[in-house]
Amino acid sequence: MMKKNFYLIAAFLGYFNALFAAGDFTMMKPISVEIEMQSSNNVHVFSPNRIRLETGKLYKIRVFNNSNEKHYFSSKKFAKSVFTRKVQILKDGKKIAEVKGIIAEVEVFPHSVIEWWVVPIRTGTFDDLHCHVKDVRTGKTHNQLGMNGVISIY
Ligand SMILES: [Cu+2]
C-alpha cells in the first residue's frame, strides 16, 4: 500500500510539473474548506458532513473544534487519496507548527483549529469519515452518535 501511494504521489508530482513547469507548487493559493466539529449532550456531528473536492487543486481544510471535547477527523480512504502538503496547527489564530509527511488522521482538541493542506490525487466517494472518541456517558463512540460523513473527490 505504501509503495502504491508512493507511485501515485510520484505520478502526481510529474503531472504537476508538466502543467506548471514555470511555476512553484509551494506558491499555489489554497481553496479554503471549513468543517466544524460540533457536540452537545448526545449529539455529535461534523458540519458540513458532506465534503466535495476535486483532484489537482490545493485545499486548506480548516477543521474547527469549538466544543468542550476532543474529536478526530478520520477517514483512511480520504487520507490515501490525497497528497498532504502539510498540517498547520494554530493557537489563538496564529500558526505555531507545521507537520509534514503522510498523515492518516487528525485529532483536534477543544477550542482549537488545525489546517490540513491537501491535493486530492484519486477520485472516489469515501464514506468512512468519522470520529472514534468514546462518549463516557453513553459508552458509544461519537461515530455511533452521528459524527460521521462522506468525502467525495471528482
Ligand atoms: Cu468526536
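As the structure lists them, so they are numbered: ligands from 1, and atoms in each ligand from 1.
- Counting only N and O atoms by type, the side chains of His111 and Asn68 include a donor and acceptor under 3.5 Å apart.
- Ring-centre distance between Phe78 and Trp116: below the 6.0 Å cut-off.
- Between the side chains of Asn65 and Ser67, at least one donor-acceptor pair of N or O atoms lies under 3.5 Å.
- Between the side chains of Ser39 and His71, a donor-acceptor pair is found at a separation under 3.5 Å.
- Between Phe126 and Ser81, the shortest heavy-atom distance links the atoms CZ-OG, 3.2 Å.
- Protein atoms that are N, O or S and lie under 2.8 Å from the Cu ion (ligand 1) are these: His71 ND1, Cys131 SG, His142 ND1.
- Judged by distance alone, the side chains of Tyr72 and Glu107 do bring a donor and an acceptor atom under 3.5 Å apart.
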